[in-house]
A.B. asks: 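Below are the structure tokens for one structure; questions will follow.
Every number for a ligand or one of its atoms is a count from 1 in the order of the listing.
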Amino acid sequence: MAAATHEVFNQPAPLVDANLFAINRPMQAALKFNAPALDTAPLQKLGQVAGSGEMQAHARLANVHTPQLKTHSRFGHRIDQVEFHSSYHALMTEAVGAGLHGAPWGEGAASPHLLRAAGFMLFTELEPSVLCPISMSYAVAPALRDNPAIYKDWSPGLTSRAYDLALKVWRDKAGLTMGMGMTEKQGGSDVRANTTRAEPAGSDGWGQRFTVTGHKWFFSAPMCDAFLILAQTKTGLSCLFLPRVLPDGSMNQLFIQRLKDKLGNKANASSEVEFVGATAWLVGEEGRGVPQILAMGTMTRLDCALGTSGLMRQALSIALNHTTQRKAFGKTLIDQPLMKNVLADLALESEAATALALRLARSFDHLDDPHEQVMSRLLTPVAKFWICKRGSHFAQEAMECLGGNGYVEEGGEGIMARIYREMPLNSIWEGAGNIMALDLLRALRKADTAAALAQELAPARGMHRALDHLADRLPARVEEMATEMEARRLAQDVALAVQAALLAQTAPPEVFGAFCDSRLDGQWGHSFGSLGSGTGFDAIIERAMPR
Ligand SMILES: Cc1cc2nc3c(=O)[nH]c(=O)nc-3n(C[C@H](O)[C@H](O)[C@H](O)COP(=O)(O)OP(=O)(O)OC[C@H]3O[C@@H](n4cnc5c(N)ncnc54)[C@H](O)[C@@H]3O)c2cc1C
């Protein structure tokens, strides 16, 4: 019905019921490059679901009706449960059903990690915060495998495509999820400061048992079925498996103190917990807990890069959808030269992030290949650092394309506000920016990274002067190893060089050329929208258009 005082017009229709995979050309190109024979049918299916209006409504509701902690029953018994809106469970059911959690470790599909990575990115466009427990349940396998008895019992549940939210003993559940607990009040990056203690308490079929006393200051998705945690044993910091429900069906001594009141990531519960004589089992070697749990951290860092790339793509799609419909000063916004510059610049950033994140994901499918092994070690901190660092700036600019509507929370296009609040998180958790840059220095110490990097850049040699210039110098800089003071700059330059080399092989010449001109050759300002006037704006925007 028309408003009584005015006609409503020039308000764009939101992007609803689009197949997020079918409209994402940069993703399709990156997949073709990394695994030419990949069967993308599951992504077509997931893209349809993730882009649907029905699932978008679930995403909105799960963020509006946030998780509530119930510490006690109405009869005064401690229950430590987190209550979620039914939309949260609907999202989890889809994510687990799509195999975005542990499935790649259990199924025989070709390129399972790459396939799952693309699915994870598509699902991020729907709702990123439920992907926290999904990511941890995916990431846990490489670390948990070092307790073969537990892995044997738990892996069928962790890889099952059934979402089972009941708090029950593992053997009675159709599907299982896992989380991780490292961060304590006195230190998160420097986990060596952990004070949580673990005392020996005998052994059983799952190996050495410990009694754990202490706390965790950040403990996301506390309704997961079990957690890998760090605690001090006599030998030093050790990695332990701590289930919520013990094998005899009784509740473990894990108490949720409160839920964090966070900037974004609202649908996900992040808690503070205490362990009061909780039971846990050793995973890996006693006293070697940090490298042990980092086998899990490596995979969650991959997901941070994938997640931010997904959010960038979503923000860009919404910005393109809006500006193709909205008019100002007599023209559609997208036809205004300066808006074209902003959108093209965002498109370059989004495609480069997609290319780098999926390249990294590919390496986990081929860890028996020495080059891929080096790439997984080198590119994990690089991609996590650079892509996540670019995320917040990207979201702000994409939001601005919608003007005031971008800043409003309400449904539809209000997703922009949610994206903006989510963006800084991938940069902070699982190792903040500086920690990633310092981790890059550690990676350089360990392997023949200079030669591997040169090999990675080789296919793009001779294609752009600025890339050649960077590629000439980078292996030597890698070999020399930067000081800590220079670590961020090195991480940035490795990221840009690898992104450029990937775009040379996967993207149209306009995208590759403009990326190198701007990011590598100084033809760029300090904000998005400052590409040089000779840029192929229309071709870049057409490539990114969500249709
Ligand atoms: C919503 C949310 C959920 C989370 N969920 C979990 C979870 O489930 N499990 C879990 O274990 N943790 C979780 N975390 C914690 C997160 O991983 C940590 O907050 C993060 O690792 C940083 O640790 P910190 O907060 O102790 O900060 P600090 O370690 O104090 O770091 C503060 C800053 O100092 C920088 N810094 C630290 N050391 C150095 C150095 N040597 N040189 C230069 N700079 C340095 C860091 O980069 C950072 O910018 C979560 C965090 C958030 C926000």
A.B. asks: Please list the nearest protein heavy atom to atom 15 (C) of ligand 1 with its residue and the distance rounded to 0.1 Å.
C.D. replies: T183 OG1, 3.2 Å

A.B. asks: Would you mind telling me if ligand 1 is within reach of the side chain of N268, the backbone, both or neither, using heavy atoms under 4.0 Å?
C.D. replies: neither

A.B. asks: At a 4.0 Å cut-off, with the gap strictly under it, does some heavy atom of G179 reach an atom of ligand 1?
C.D. replies: no

A.B. asks: Nearest to atom 14 (N) of ligand 1, what protein heavy atom do you find, and at what distance?
C.D. replies: F218 CB, 3.3 Å

A.B. asks: For T235, is there any backbone N or O sitting under 3.5 Å from a side-chain donor or acceptor partner on T233?
C.D. replies: yes

A.B. asks: Need the ligand 1 atom indices (1-based, order shown) with element for anything under 4.0 Å from a heavy-atom of E430.
C.D. replies: 17 (O)

A.B. asks: Taking only heavy atoms of I435 into account, list the atoms of ligand 1 that are under 4.0 Å away from them.
C.D. replies: 37 (C), 38 (N), 39 (C), 47 (O)

A.B. asks: Side chain, backbone, both or neither: which part of F219 has a heavy atom under 4.0 Å from ligand 1?
C.D. replies: backbone

A.B. asks: Considering the heavy atoms of L438, write down every atom of ligand 1 situated less than 4.0 Å from one of them.
C.D. replies: 40 (C), 41 (N), 42 (N)

A.B. asks: Just to confirm, does any protein heavy atom lie below 4.0 Å from atom 33 (C) of ligand 1?
C.D. replies: no

A.B. asks: Any salt bridge (Lys or Arg N to Asp or Glu O under 4.0 Å) involving residues 220-233? Give me the pairs, sequence neighbours left out, ordered by first then second residue.
C.D. replies: K173-D225

A.B. asks: G188 to ligand 1: N or O pair under 3.5 Å?
C.D. replies: yes

A.B. asks: Counting heavy atoms only, which of G187, A432, P222, C224 comes nearest to atom 49 (O) of ligand 1?
C.D. replies: A432

A.B. asks: Given F227, which of F219, F218, F241 fulfils the ring pair (Phe, Tyr, Trp, His ring centres under 6.0 Å) condition?
C.D. replies: F219

A.B. asks: Please check if any side-chain donor atom of K389 sits under 3.5 Å from a side-chain acceptor atom of S427, or the reverse.
C.D. replies: yes

A.B. asks: Would you mind running through ligand 1 and noting each atom that sits below 4.0 Å from a heavy atom of I428?
C.D. replies: 20 (C)

A.B. asks: Main chain of L246, side chain of N252: is a donor-acceptor contact present, judged purely on distance under 3.5 Å?
C.D. replies: no

A.B. asks: Is it the side chain, the backbone, both or neither of N265 that has a heavy atom closer than 4.0 Å to ligand 1?
C.D. replies: neither

A.B. asks: For Y420, does the OH atom sit with more than 12 other heavy atoms under 6.0 Å from it, leaving out its own atoms?
C.D. replies: no

A.B. asks: Protein heavy atoms near atom 26 (O) of ligand 1, is at least one of them under 4.0 angstrom away?
C.D. replies: yes

A.B. asks: Distance alone, cut at 3.5 Å: any donor-acceptor contact between the side chains of E486 and T483?
C.D. replies: yes

A.B. asks: Of the protein's non-hydrogen atoms, which lies at the shortest distance from atom 4 (C) of ligand 1, and what is that distance?
C.D. replies: S220 OG, 3.5 Å

A.B. asks: Is there a protein heavy atom at a distance of less than 4.0 Å from atom 37 (C) of ligand 1?
C.D. replies: yes

A.B. asks: S270 versus ligand 1: do any nitrogen or oxygen atoms come within less than 3.5 Å of each other?
C.D. replies: no

A.B. asks: May I ask you to list the atoms of ligand 1 that are less than 4.0 angstrom from any heavy atom of L425?
C.D. replies: 1 (C), 2 (C), 52 (C), 53 (C)

A.B. asks: Just to be sure I read this right, does ligand 1 sit under 4.0 Å from the backbone of S189, its side chain, both, or neither, counting only heavy atoms?
C.D. replies: both

A.B. asks: How does E484 reach ligand 1, if at all, at less than 4.0 Å between non-hydrogen atoms: by side chain, backbone, both, or neither?
C.D. replies: neither

A.B. asks: Do N194 and Q186 meet the criterion of a side-chain donor-acceptor pair at a distance under 3.5 Å?
C.D. replies: no

A.B. asks: Counting N and O atoms only, with roles assigned by atom type, does the side chain of D164 sit under 3.5 Å from a partner on the main chain of L176, one being a donor and the other an acceptor?
C.D. replies: no

A.B. asks: Regarding D204 and R209, does a basic nitrogen lie under 4.0 Å from an acidic carboxylate oxygen?
C.D. replies: yes

A.B. asks: With a cut-off of 6.0 Å (strictly less than), are more than 12 heavy atoms of other residues, nucleotides or ligands near CZ of R78?
C.D. replies: yes

A.B. asks: Of all the atoms in ligand 1, which lie at a distance below 4.0 Å from a heavy atom belonging to G181?
C.D. replies: 11 (O)

A.B. asks: Output every pair passing salt bridge (Lys or Arg N to Asp or Glu O under 4.0 Å) with a member in residues 274-294, not counting sequence neighbours, ordered by first then second residue.
C.D. replies: none

A.B. asks: Are side-chain N/O atoms of S270 and K262 paired as donor and acceptor at under 3.5 Å?
C.D. replies: yes

A.B. asks: Which atoms from ligand 1 have a heavy atom of K262 less than 4.0 Å away?
C.D. replies: 1 (C)

A.B. asks: Do D303 and S135 get their side chains close enough for a donor-acceptor pair, meaning under 3.5 Å?
C.D. replies: yes

A.B. asks: Within the structure, does at least one protein heavy atom fall under 4.0 Å of atom 44 (N) of ligand 1?
C.D. replies: yes

